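Everything numeric here is computed off the predicted structure, so don't read it as measured data. The first residue of the sequence shown is numbered 1, and numbering continues consecutively from there.
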Amino acid sequence: MAGRKAFMLYFDYREHLELLTDAERGALLTALFEYAEHGRESELAGAAKMAFSFIRAQLDRDADKYSERCERNRENGAKGGRPPHGDGKPEKPKTNERFSEEPQKPDTEKETDTEKETENKNPLTPLEDRSPALLEAANEWLRYKRERKEDYKPTGLKSLVTSIQTHAEQYGNEAVAALIRECMAAGWKGIIWDRLDQRGRDQPGAPPHKTAQLADWENEWAARVKAHRREAGHD
């Protein structure tokens, strides 16, 4: 991430950060600066380590976008400008009926507004009681579908959330998050839940293996979410 002088923290993180103690938040913030500036991961534990894991994924995506933008700018700069006119004076641009005189705003602004509206209309609130890693994977899946111009309607989104919850309860948050990312990497249109069923048949009698430490972190995070909601009067 060399060359960057800043990194982004999103308002979406606030609810999760409020579940941490002051000491955990301080350690997490220091770890984020260390990772964003030098690419080094600090030693964290418990809920702070879980929060770092899903914020780090967004930092990586932001860094990739920044690198792509810098590369585009370098390529455009290497192409140079319009060659000079024969008399040494710059050539006036020719008019073209296909282009209007007034420049139009780039489509990316419209797309960004649409994406924000879609995100506001399609919250994954029911998944917030599960692990941050699973919630992040679900959000990545929605962005993936949006890029493919396959946005979910309200009924389809509700069905997606129910499926994620059901399979997470049966196979574990980690296995479902991994499957979602596998389907995106393969370019599939939907989440192939049968792959979890097949793995379950290959290893009968128990859900996919989960370390005791990871299970403790997930239980701790779920307990903090529920306690926070009770204090806020949401339950």
Side-chain angles (χ1 to χ4, degrees), residues 10 12-13 15-16 19 46-47 49-65 111 114-226 229:
Y10 297 88
D12 293 347
Y13 302 150
E15 183 175 358
H16 298 293
L19 303 175
K49 186 167 186 176
M50 288 195 70
F52 176 80
S53 67
F54 68 82
I55 295 177
R56 177 189 59 196
Q58 184 62 52
L59 291 179
D60 290 340
R61 284 192 293 272
D62 290 345
D64 290 341
K65 291 179 182 178
E111 292 173 0
T114 303
E115 289 177 2
K116 290 180 179 178
E117 291 174 3
T118 304
E119 289 177 354
N120 292 335
K121 292 178 182 177
N122 297 337
L124 296 173
T125 304
L127 296 180
E128 291 180 356
D129 288 343
R130 307 204 68 88
S131 76
L134 179 60
L135 179 61
E136 177 65 18
N139 274 307
E140 289 177 6
W141 177 259
L142 290 185
R143 288 192 290 269
Y144 167 77
K145 294 290 285 184
R146 193 176 304 124
E147 291 172 359
R148 292 168 58 97
K149 308 301 183 184
E150 297 170 353
D151 284 352
Y152 283 94
K153 301 297 183 183
T155 302
L157 179 62
K158 184 177 179 180
S159 177
L160 170 69
V161 172
T162 300
S163 293
I164 292 176
Q165 286 179 303
T166 300
H167 287 86
E169 289 171 1
Q170 183 176 359
Y171 297 99
N173 300 328
E174 184 180 12
V176 173
L179 174 65
I180 291 174
R181 292 192 169 96
E182 178 185 345
C183 293
M184 288 189 291
W188 291 334
K189 186 174 182 179
I191 302 173
I192 313 301
W193 299 113
D194 288 346
R195 295 180 72 84
L196 288 176
D197 297 333
Q198 181 62 46
R199 291 165 188 169
R201 288 192 293 270
D202 293 341
Q203 300 176 355
H209 175 69
K210 186 187 297 184
T211 64
Q213 186 180 38
L214 179 59
D216 289 342
W217 289 346
E218 290 184 351
N219 292 335
E220 179 185 354
W221 192 271
R224 292 191 185 195
V225 169
K226 291 178 181 178
R229 289 194 167 187

How close do [X] and [Y] get, heavy atom to heavy atom, and via which atoms?
X	Y	answer
Ile192	Cys183	N-SG, 3.5 Å
Lys189	Lys145	O-NZ, 2.7 Å
Ala177	Ala133	CB-O, 4.1 Å
Leu196	Tyr171	O-CE2, 3.4 Å

Look only at the side chain of Ser53 and the backbone of Met50, and say whether a donor-acceptor pair between them is shorter than 3.5 Å. yes

Distance-only, no hydrogens or angles: does the Lys65 side chain make a donor-acceptor pair with backbone N or O of Asp60 under 3.5 Å? no

Which residues satisfy the salt bridge (charged side-chain N to carboxylate O under 4.0 Å, His left out) test with Arg181, sequence neighbours excluded? Glu140

Working to the nearest 0.5 angstrom, can you tell me the gap between Gln165 CD and Leu160 CG? 10.0 Å

Quick check for you: to the nearest 0.5 Å, what is the distance between Asp151 atom CG and Leu157 atom CG? 10.0 Å

side-chain contact (heavy atoms from CB on, under 4.5 Å) involving Ala138 - partner list, sequence neighbours excluded: Leu124, Leu127, Ile164

Could you tell me which residues satisfy side-chain contact (heavy atoms from CB on, under 4.5 Å) with Tyr144, sequence neighbours excluded, listed by chain and number? Trp141, Arg148, Met184

Between Tyr10 and Asp62, does the side-chain contact (heavy atoms from CB on, under 4.5 Å) criterion hold? Intermediate values first, please. CA-CA 12 Å; Tyr10 297 88; Asp62 290 345; 2.9 Å; yes

